[in-house]
Structures are given as C-alpha cells and as structure tokens.
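Read through the structure below, which is laid out as structure tokens, and then see the notes.
Values reported hereafter were calculated over all heavy atoms of this structure, with side chains retained and with hydrogens, waters and symmetry mates removed. From a predicted model like this one, the values you see are computed outputs, not experimental measurements. We're numbering straight along the sequence, starting at 1. In each ligand, atom 1 is the first atom listed, and ligand 1 is the first ligand listed.
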Amino acid sequence: MKRFALAGNPNCGKTSLFNLLTGSTAHVGNWPGVTVDKKEGTYKKLEEPIHIIDLPGIYSLSPYTPEEVISRNYILEEKPDCVINIVDATNLERNLYLTTQLLEIDVPLVVALNMMDVITKKGDKIDVEQIEKKLGVPVVPISALKGTGGDELMKRAYEASNTPRKGKTVLNNSSLAHLIGDVTIALEYENVENPLFHAVKLAENDELEVNDHAKQSKMVEDFKKTFKDDTFGTDFEAIVADERYKYLSKEFKNVYTKKEVEENDKKNKKEKITNVNMTKSDKIDKVLTHKIWGIPIFLVILFLIFHLTFSSNFLFLGAFIKDDWVSFANTPFEGIFGEGGINSPGVVLQNLLGLLTDSITTWVGNGLASIKGCPEWVQGFICDGVLSGLFAVLSFLPQILVLFLFFSILEDSGYMARVAFILDRAFRKFGLSGRAFMPMIMGLGCSVPAMINTRTLADDNERTATVRVIPYFSCGAKLPILTAVAGAIVANARVGNADIITYSMYLLGMVVAILSILLMRNTTMKGEVPPFIMELPAYHAPQFKNLMLHLWDKTKHFVKKAFTIILASTIIVWFLSHFTWSWKFLPDSEIDNSILASIGQLLQPIFTPLGFGSQLKQWGWVFGVAAIIGLIAKENVIGCFGTLAACIAGVAVAEDETGITYVQAMIAATGITVPALISFIAFNMTTIPCFAAVATAKAELSSKKKFNYTILFWLATSFIVSTIIYLIGSWWWTSFIVLAIAAIVITIIVINNKKQKASAY
Ligand code: GDP
Ligand code: MG
C-alpha cells in the first residue's frame, strides 16, 4: 500500500487534515504537541487505498527536539511515497521555512495550503499558481476545518507519488551553493541516499549528520578550508537559516495580497490608530493573555466550567427561587432539575441517567425475585454487588462529558495554547518551561497520554519532575470521587457547594504540583530550562464534529473501563466482603466478619493520621479499603462504596442510587468528619494514580531508580498532604496559632541573620 506522510509546523492543521482524509476517530485538537505519537489511517477515495501517517509538528528538520528527530527519520528512512507538507497560509513565510528543507529530500512533495477559509473570510488573496511555480511542486489550497480541497490534494499527491523527485535547494548564495554542490557530488559518488539533503546538513554541522557520516564530514571540513574564511564566518547553521529566510522574504513578498488597503483605512478611521493592524484574534489576545489578568481570567473561566458542571445552585439563583418551581414534587422527575435552586446542566444530566439506572436495578431485582428458587445471595450479588458498583461509577459519565465538552471547546478554540503561553512566564520561575505545562493540562484528561507526551521535554530531570506531578492534575477517573464526596459533604454537613469544593480540590492538586516541582527542581531534579517558542494559532469557533468525536472517545474509554477492570474489581470486592476466611457465605448485615473486613481492619491504622483510619466507627475500614483498591483504578473507589453501601445497616438503597447517596451512607455509618472527607479526596488525588499510569511511568522514566522514587514520592506526598489537611481542618484554630508562632519565630531568625551578616562586614 502506498504511504503518504503529513508534515508541517505545529498547529498548521495536520491532525484536522488527517481526520478529514482518514475519517478516523483519532483525537483532534491542540493540546499543543499532541501528535508526538504517529497516527495512522487509510484514505479510500482513490483507485487504491492510501496509508496516511500524521507526523509530529515541527518547525525545521534539525535534530533539536524529539518531534524533529521522529519526523526527519521517518521521511529519510521509511521513505514514504509522498510527503504532504501542510502550510498555514495565514503564516506563509514562517511555514515555508520547513518547506525549503523538505524540498532538499529526494521524495515526491505536495504542498497543502491550509486555512484558506480564513484567507477568504478576511478578503485576502494568495497567488497559488505563483507559489507552485516558485517551489516547483504541486500546491493545493485546502481548508481542513471546512473539509474542502482534501480530495483534490490526494489526487495531486497520488500523481506526484508516481514519479520520483530529485531534491533541490533554494540556497543560492554563490559560495554556499558551490560548497553544497561539491559535497553533493561527493556524496552521490559514495552512493549516499538523499545526497543534497545530507550535503546541506553537513554544511550546517548538524550533529546527527556529523555522527552518521563521519568520513564525509571530514571531507566537508576540507572543502570549507578551500573557501575563504570570511565568506562563511563560523556559524554555518545560522548562515544557512539566514539564506532560507532571505530567499523566502524576497520571493514570496508578492504572493500574498491583503484586502484593499483603502477600504480598510476607511473602516479603521473611526477606531484608534493602535488598532489599525490588529486582527480580531490579536484584540482578544490583548485581554486573554494580559500580563496581569491572564491567570485570573483563566481561573474564572475554569470556575465557570465547574459551576456549570457540578453546581446544584446554578448562578446562585437558589435564594430567589421557590422550591416547587423546579422540584417537580410527586412526579418521577422529582428533584432532577433542582431543589432549593436550579441544577446546572451537568447535574440535570446526571440525575436523568440516575433515573434510568435506578429503573434498571429495580427491574432486574424484581425479575430475579420472581424466579422461583433463585437464591437470595444471587440477587444480592447481581443487584447490590455488580449493578450498584457499576452504576455508582457510570452515574458520573454525564458530568465527565459536560466537563470535557468545555475543556474541548477551550482546546479547539485555541485558548488552551494561550494558557500554556501565559503560564510559561510563571512556570519559568518554578524551573519549568511552558512545554512542561502541555502534558500537565493533558493530565486533566488522563495521566497515561500525558506522561507519554513528556517526551517533548529535552531535559531529563525536567521530564522526571513533570511525570511525577502529572497525576496531580486530577483526571477524569478521579472525578466520581470528587463529585460523590463533595455532594455528600454538601448534603450531610450543609457545608459549601459542590462546584466550589470540586474546583478548590482541582486547584489544590495544581498547588501541590507547583510546590513539588519547586522542591524537586531545587534539590534532586535540577536542570536548565530550555527556551519555549510557540506560535499562537488564530482563534476560531470549535467544530461540532470534532467536539463530538472527542466526547465519543471519552465515553468509549470510560464505558470500556467500567465493564472490564471496574466490573472485575466490583465482583472481587463483593465476594471478599461476603465470605469468611473459611469460605462461609455471609448475609449483608454480617460483612464485618468478612475477609475484606479483616484485611481492612488490619490496614485501618495506616490511615489514622489522615482522618479515615482507626478513629472511625464499625464500618470505618471501608475507607481504607476503597483508598487501596483505588490504586488499581480510581473509579474503583466509588464502585467499592456502591458495592458495600447496601450492606450497611440502616441504609435503604432502594431509590435514588448515586455515588453521592452511597457516600452519605458511609458518612452516617462511620461518623467520618468533613476534614477527614476532604483529606480522603486529597489522598486519592495525590497518591499512586492507577496501574496504567504506573506502567507508563515505568516505561517513560529513564532509570529504574527514578521510577522507584516516583512511587515513593506519590505515596509520601499523599500521606503528607492529607495529614496536613486533616490536622488543619480538625484543629484549625490551634493550627492557626501554631502557624502564627512559627511565622514569628522564622521572621525573627531571618532578621537576626541579616543583622549578623550586616555586622560581619
Ligand atoms: P496540528 O497541530 O498541525 O495537528 O493542527 P490541528 O489539526 O490540531 O489544528 C490546529 C488548530 O487549527 C485547530 O484548532 C484546528 O481546528 C484549526 N484548523 C485546522 N485546519 C483549519 C482550517 O483549515 N481553517 C481554520 N480556520 N482552522 C483550522
Ligand atoms: Mg496535531
């Protein structure tokens, strides 16, 4: 099968084009740098199917970043039948820099001029024919977003793939051209493939080349000596780059025509002069990436998202609303849209799903009860064991989807790229580059791809530190814990609001991440912060289809996990909790004598400093057990509560089964306090995330020692953070005094030290 590779700058639309061509459900978006892994698919609309590979986004073919090495090696070594170079037409000269390098490789090349919809909308013009003439390869205007031009592009690429192409260079400075020409001939003579490309790279002193072609590299040095020194200076790489830019700015000056200037002038006369040359995106950026307001704006946006997802007091309207307006009392919809306020969309959807799952449980229960001779334990196992556990987890799918819908919108509109940009300034102070923030943001979805994405970080210590804190950006699987416990706190203790609690816990995770990074980068994980260059894509409305694909991906992932690992854990928990060591079956009311209970009671003291250990009443071991099986997968925590809630005396689990009611039951049975519940959430957020993430960390970290310390780090952090939260929460008044005294003592010591130093001079 023929293979076509997509190459281009980051954010030029490669992934969008890839999805357009392959119709694949691969995730599209710009968590910037998301395509470090190569994505593959098939295009089927030509006479033969074509294999398409989405290469990582790159600015050049030098070997500085992992993306550059991957893309370069793929093109040189795997030899695709055609390279499709995607060029962002709104940023033509910058993007063509890569094109001038691709031209030097002996491979059929077609340029896809993307974002033409933006050009048309602005009323600008691009002379496609002229670009084609200058580059000497086919150029096809497309819009990956609107889905236009893809088939024409593939047709031209297919034609091009049938004829081999010899590389050509745009470097026409006479001395340089002479050098490169001579080296090319020498390499050709040695039967080196892609002689022109290698000749240019050798002339640049590219490190990979110098290693790979030691012999020829010596030859180049000899060649260089035959030229006068002052022609080249010493930095050949800079000379070559400069030549490329000179060529581009000279030759491509006239291919892009902005919309009639006079017309613009007329329009702009009324506006302030400073705004004349600003695009809409620039104007938005002036606000959203503001030096001071950028971060607060981000936090507010984040809060609004949490509010829309989790709040049961939408826009805090509760105070103005009469209960019976929305409560639908005495109908099947009772409480679904709100009680004492309006539920946010996320909560409404969750309640509606709950209505469905409750009916299923009732229906299955009645069905089993009507079968003659069906033992009671089978009913208990299926309804309370399996279904409760599964539904407790699944009931959070709507909120996960609503939350990720908002995240995808932020991502697709181009805002997330700005967040990385705003935070780069702040991150530098902590010893990280903005690059490290991208995998962290991905961690909000799932730690596994996020950890893999740290491959974009050049410094190994920076990478290790980042892998370690990724789990602190709370992932989708931890959401059920957050929501269920927060919901139960609000319902039982009448403290706060679910959205505020979840939001603060997300922030807590980020604060712990920042503090840990600060600590690591100043002690065991020191290193240089490499510069971070990023091009901000223009803002645009997110595409409905992409959003849906993204959500569908999430749903698939979540449901698949529910029916495999979570189902299995639920079954194991049920069996362990309903049998004794001598394998005798226990009815629900006696599970305190079960295998699980005895293990749980044994481990319970470990969690005492954290607030959910020995101080809890009879059922207290459940929290420890849930925390421990949560190490396998975080969904298990609420699943475990679901399975065990039915057994807890005095809990009627007949109706309204959600994770929240289960946690409420746990609170009633164990007498756990609010600070201990918060500490429980914090423990789950900061400890070993799940087996999948552990395996990924093991594969991604550079040494066994780093991996072992990572596990230790997760365990230690979770114990420390949770203990602190529990202690401060339980004795905040005392803690406050202790902290105040400590602060005063430290200040006195610091002042004294300074005085001593001053007097020493
Ligand atoms: P990649 O980083 O090269 O894989 O680029 P993506 O496919 O992730 O696209 C980057 C951003 O540009 C996304 O937000 C896309 O929706 C957007 N985009 C891609 N192609 C087009 C296009 O033809 N027109 C417009 N207006 N936006 C596009
Ligand atoms: Mg991409």
Side-chain angles (χ1 to χ4, degrees), residues 5-41 52-59 65 67-68 70-71 83-92 94-95 98-99 111-124 126 128 140-153 279-281 284-285 407-421 435 438 441-442 449 453 456 533-550 553:
L6 306 181
N9 287 11
N11 280 314
C12 66
K14 272 187 315 346
T15 308
S16 307
L17 178 64
F18 175 82
N19 287 341
L20 175 71
L21 296 179
T22 59
S24 125
T25 54
H27 165 60
V28 198
N30 45 354
W31 296 130
V34 91
T35 36
V36 158
D37 287 310
K38 81 179 176 218
K39 243 186 252 161
E40 302 179 81
I52 309 245
I53 299 110
D54 185 17
L55 295 176
I58 47 174
Y59 295 110
T65 65
E67 290 95 332
E68 286 169 350
I70 295 170
S71 295
V83 171
I84 297 178
N85 174 207
I86 300 149
V87 165
D88 176 353
T90 62
N91 217 328
L92 197 59
R94 184 68 108 59
N95 273 248
L98 176 66
T99 313
V111 169
L113 208 54
N114 194 25
M115 314 263 180
M116 285 306 286
D117 57 312
V118 182
I119 305 284
T120 318
K121 204 164 155 201
K122 279 203 240 169
D124 296 349
I126 285 192
V128 178
V140 187
I142 67 166
S143 164
L145 188 73
K146 300 273 186 263
T148 54
D151 293 333
E152 170 69 12
L153 173 69
T279 63
K280 226 197 228 155
S281 272
I284 302 175
D285 270 343
F407 282 171
S408 311
I409 291 175
L410 291 191
E411 175 192 335
D412 246 25
S413 61
Y415 180 65
M416 277 304 189
R418 264 86 184 170
V419 175
F421 172 76
R435 247 172 193 270
M438 300 165 189
I441 289 190
M442 284 177 76
N453 195 263
T456 53
I533 316 156
M534 185 172 60
E535 222 167 299
L536 296 179
Y539 285 103
H540 58 84
Q543 222 188 341
F544 181 74
K545 201 175 117 208
N546 282 348
L547 293 180
M548 290 306 120
L549 281 179
H550 194 176
D553 249 13

Problem set entry | Nearest heavy-atom neighbours spanning Ala89 and Met116 | CB-SD, 4.1 Å
Problem set entry | ligand 1 N/O within reach of Cys12 N/O, cut-off under 3.5 Å | yes
Seminar exercise, completed: In short, Lys14 meets Asn9 closest at the heavy-atom pair NZ-O, 4.1 Å
For this session: Indicate yes or no: at least one non-hydrogen side-chain atom of Phe407 is less than 4.5 angstrom from one of His550.
Result: no
Problem set entry | Considering all heavy atoms, the nearest Leu20-Gly147 contact | CD1-CA, 3.6 Å
Exercise. Side chains of Asp88 and Asn114: closer than 4.5 Å at any heavy-atom pair?
Worked result: no
For this session: Would you please test Tyr415 and Ile409 for side chain to side chain contact (heavy atoms under 4.5 Å, CB included) and show each step?
Result: CA-CA 8 Å; Tyr415 180 65; Ile409 291 175; over 6 Å; no
Exercise. Would you say Gly57 touches ligand 1, if touching means a heavy atom closer than 4.0 Å?
Worked result: no
Exercise. Considering only heavy atoms from C-beta outward, does the side chain of Asn95 approach that of Cys12 to under 4.5 Å?
Worked result: yes
Seminar exercise, completed: Filtering Gly13, Ser143, Gly8 for the heavy atom nearest atom 5 (O) of ligand 1 leaves Gly13
Exercise. Considering only heavy atoms of Ser16, which atoms of ligand 1 have at least one such atom less than 4.0 Å away?
Worked result: 6 (P), 7 (O), 9 (O), 15 (C), 19 (C)
Exercise. Under 4.0 Å from any heavy atom of Ala144, which atoms of ligand 1 are there?
Worked result: 20 (N), 22 (C), 23 (O)
Exercise. Polar-atom distance check: Asn11 versus ligand 1, any N or O pair below 3.5 Å?
Worked result: yes
Problem set entry | Atom indices of ligand 1 within 4.0 angstrom of Val118 heavy atoms, with elements | 26 (N)
Problem set entry | Within reach of ligand 1, part of Asp117 (heavy-atom separation under 4.0 Å) | side chain
Problem set entry | ligand 1 atoms in contact with Asp412 (distance to a heavy atom under 4.0 Å) | 14 (O)
Problem set entry | Student check: side-chain heavy atoms of Leu17 and Leu153 closer than 4.5 Å | yes
Exercise. Heavy-atom contacts under 4.0 Å between Thr15 and ligand 1: side chain, backbone, both, or neither?
Worked result: both
For this session: Check whether any N or O atom of Lys14, backbone or side chain, sits under 3.5 Å from an N or O atom of ligand 1, and answer yes or no.
Result: yes
Problem set entry | Proximity of Asn114 to ligand 1 by residue part, where a heavy atom lies under 4.0 Å | side chain
Exercise. Any nitrogen or oxygen of Met116, main chain or side chain, under 3.5 Å from a nitrogen or oxygen of ligand 1?
Worked result: no
Exercise. Do the side chain of Ser71 and the main chain of Glu68 share a donor and acceptor less than 3.5 angstrom apart?
Worked result: no
Exercise. What about Asn546: any of its N or O atoms under 3.5 Å from an N or O on ligand 1?
Worked result: no
